[in-house]
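The block underneath contains the structure these notes are about, expressed in structure tokens.
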Amino acid sequence: MSATAPITQDVHTIPRKLPEGPMNLVGLTREKMRDLLIAHGTAEKQAKMRVGQIWQWIYQWGVRDFAEMTNLAKGYRAELAEKFVIDVPEVVTRQVSEDGTRKYLVRIAGGHEVEVVYIPEDGRGTLCVSSQVGCTLTCSFCHTGTQKLVRNLTAAEIIGQVMVARDDLGEWPEIGAPKDETRLLSNIVLMGMGEPLYNFENVRDAMKIAMDPEGIQLSRRRITLSTSGVVPEIARTAQEIGCQLAVSFHATTDEVRDQLVPINKRWNIEALLEVLRSYPKVSNSERITFEYVMLHGVNDSDDDARRLVKLIEGIPAKINLIPFNEWPGAPYKRSSNNRIRAFADIIYKAGYASPIRTPRGEDIMAACGQLKSATERARKSRKQIEADAGLS
Ligand code: SAH
Ligand code: SF4
């Protein structure tokens, strides 16, 4: 328990109802925006230029009102305002942890809610973005996995999480200001709710906007997509997104991984490692992050550490050890600090970086694997969770 109670604020109390009809320009690829403008009367010859202008207003300067797009003719601005909207998710609550971590609960169409977490570090910071409401997968140590999938987020809802976080951080630059390399929101990790590779197109389109030099302008090296191991989509990620890849590895035998990450029954460790071997080359990225949650007595022995090193031999890798974050009803315990350090040591001596992830925002349930929407409380019973984990 924390000494100080976390601050919870209602940010948006006035419900915003979207008028029926107008289409949202947020989240569209440049091509889709161009087609849409043409379909609504923009001359074909001018469409590409108009896309560039509108795009910069929305993503570079954070403008939400067409009237402010001063390099467009007044009449054209009015036309845009009639036909389109610039809509981002609504922030319902914002909680600030003792350690500065911020957790936003955002509401999306249909009344669903997802969580977004901002983790500050030395003047920079990482935004942990959700890709689905809930998750179809049922990893037995993950809180989100106890919530049934409600739906995939749209590209607008995914990039919209970055936009509302920038709003809250007060980070949109002055219009016309030169590119600023120091960013409070300097990194994005797709490690929130959901399996991003089961929502590939929307995640890809949103990340393209995040990486666009006239968009949010984050380098692809500052974007990390975490997957539980959807093997056929990993090669596509390398080709079509080219961001950094993290893999929820978590076990060194198929027997244990089947229980922890059930997608392993479909694509086992061998199949996963095979596709990972080609990822760095195809995506031109340096190394893959292997995420490994430390579960007391389940996957944390010295033998596990040695097997892990052997398995990943030849893959440029970093192993991120994640102390298990507990949640109500969780069927596991966190490994002791000594155990985690001993495990890390074996990996480090084998020549791999083995950082231990410090849990952030635990007092507001913002740490890895603790996310779950408040509106989707239909949690499985403890018995069901244990059965899924193969413990009963
Ligand atoms: N679905 C994707 C991304 C979201 S989970 C994936 O599984 O990779 C982000 C990371 O948090 C994953 O490595 C996941 O295994 C880990 N995680 C989930 N629940 C956790 C928990 N209770 N404690 C620590 N890490 C957890
Ligand atoms: Fe889904 Fe990832 Fe949680 Fe597994 S760890 S249930 S894939 S969100």
Side-chain angles (χ1 to χ4, degrees), residues 23-32 87-89 104-117 126-139 142-165 187-212 215-216 218 220 223-248 261-264 266-267 272 275 279 283 289 291 368-369 371-373 375-376:
M23 278 198 62
N24 190 9
L25 293 186
V26 176
L28 300 178
T29 59
R30 284 176 185 262
E31 295 70 37
K32 281 188 191 152
D87 191 50
V88 294
Y104 309 100
L105 183 69
V106 304
R107 187 170 298 148
I108 56 173
H112 304 300
E113 289 169 352
V114 288
E115 291 177 329
V116 192
V117 179
T126 300
L127 193 73
C128 182
V129 168
S130 291
S131 57
Q132 299 183 309
V133 185
C135 189
T136 45
L137 302 174
T138 52
C139 302
C142 173
H143 203 197
T144 308
T146 66
Q147 179 185 327
K148 285 211 177 77
L149 177 80
V150 182
R151 72 167 168 85
N152 279 339
L153 298 193
T154 63
E157 290 159 349
I158 297 168
I159 196 66
Q161 295 171 55
V162 178
M163 295 164 77
V164 296
N187 294 64
I188 295 176
V189 292
L190 283 148
M191 294 185 185
M193 295 165 62
E195 169 48 60
L197 294 190
Y198 274 149
N199 186 13
F200 186 87
E201 281 83 9
N202 290 327
V203 166
R204 176 197 58 203
D205 290 353
M207 290 308 109
K208 290 266 182 213
I209 295 170
M211 296 186 272
D212 192 297
I216 305 286
L218 290 177
R220 61 189 186 85
I223 298 175
T224 303
L225 183 151
S226 173
T227 179
S228 57
V230 186
V231 164
E233 303 294 331
I234 290 178
R236 255 183 109 192
T237 306
Q239 285 157 6
E240 297 180 35
I241 311 180
C243 58
Q244 307 298 303
L245 188 73
V247 177
S248 294
V261 190
I263 202 177
N264 194 67
R266 184 111 179 252
W267 295 288
L272 179 58
V275 70
Y279 191 91
S283 65
T289 301
E291 297 165 284
C368 294
L371 304 186
K372 184 174 165 176
S373 1
T375 44
E376 325 284 349

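Worth knowing before you read on, the calculation uses all heavy atoms, side chains too, and leaves out hydrogens, waters and symmetry mates.
- The minimum heavy-atom distance linking Ala156 with Pro89 is given by the pair O-CD, 4.5 Å.
- Residues meeting the side-chain hydrogen bond (donor to acceptor under 3.5 Å, both in side chains) test with Tyr198, sequence neighbours left out: none.
- Taking 4.5 Å as the limit, every side-chain heavy atom of Val203 sits out of range of all side-chain heavy atoms of Thr237.
- Using modelled atom types, no side-chain atom of Asp87 and backbone atom of Asn24 make a donor-acceptor pair closer than 3.5 Å.
- Note that the CZ atom of Arg204 and the SG atom of Cys243 stand 12.5 Å from one another [nearest 0.5 Å].
- Within the 4.5 Å cutoff, the side chain of Ser131 has no heavy atoms near those of the Leu153 side chain.
- With a 4.5 Å cut-off on side-chain heavy atoms, Met207 and Ile158 count as touching.
- For residues 227-239, the salt bridge (charged side-chain N to carboxylate O under 4.0 Å, His left out) pairs, not counting sequence neighbours, are Glu201-Arg236, Glu233-Arg236, Arg236-Glu240.
- Side-chain contact between Tyr104 and Val116 is present, with heavy atoms from C-beta onward closer than 4.5 Å.
- Using a 4.5 Å heavy-atom threshold, the side chains of Ile216 and Ile188 count as separate.
- Rounding to the nearest 0.5 Å places SG of Cys135 at 13.5 Å from NE2 of His143.
- Put simply, the side chain of Gln161 gets close to the backbone of Ser130: a donor and an acceptor are under 3.5 Å apart.
- Applying the side-chain hydrogen bond (donor to acceptor under 3.5 Å, both in side chains) criterion to Asn187, with sequence neighbours excluded, gives Arg222.
- A distance of 9.0 Å separates CD1 of Ile241 from CG of Asp205, quoted to the nearest 0.5 Å.
- Residues satisfying the side-chain hydrogen bond (donor to acceptor under 3.5 Å, both in side chains) test with Glu195, not counting sequence neighbours, are Thr227, Ser228.
- A pairwise comparison of heavy atoms in Thr224 and Leu245 identifies CG2-C, 4.3 Å as the closest pair.
- Rounded to the nearest 0.5 Å, atoms CD (Gln132) and CG (Leu190) are 11.0 Å apart.
- Pairing each heavy atom of Pro262 with each of Cys139, the nearest pair is CD-CA, 3.7 Å.
- Arg151 is linked by a salt bridge (charged side-chain N to carboxylate O under 4.0 Å, His left out) to Glu157, counting only residues two or more places apart in sequence or in another chain.
- Residues Ala155 and Gly27 share a closest heavy-atom pair of CB-O, 3.4 Å.
- Closest approach of Ile223 to Ala210, counting heavy atoms only: CD1-CB, 4.0 Å.
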In sequence, state the C-alpha distance, the side-chain angles, and the governing distance for Asn264 and Leu272, and then conclude on side chain to side chain contact (heavy atoms under 4.5 Å, CB included). CA-CA 9 Å; Asn264 194 67; Leu272 179 58; 5.7 Å; no
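- By the side-chain hydrogen bond (donor to acceptor under 3.5 Å, both in side chains) test, Ser226 is found to be paired with Glu291, residues two or more places apart in sequence or in another chain being considered.
- The structure places CG of Leu28 at 9.5 Å from OG1 of Thr154, a figure rounded to the nearest 0.5 Å.
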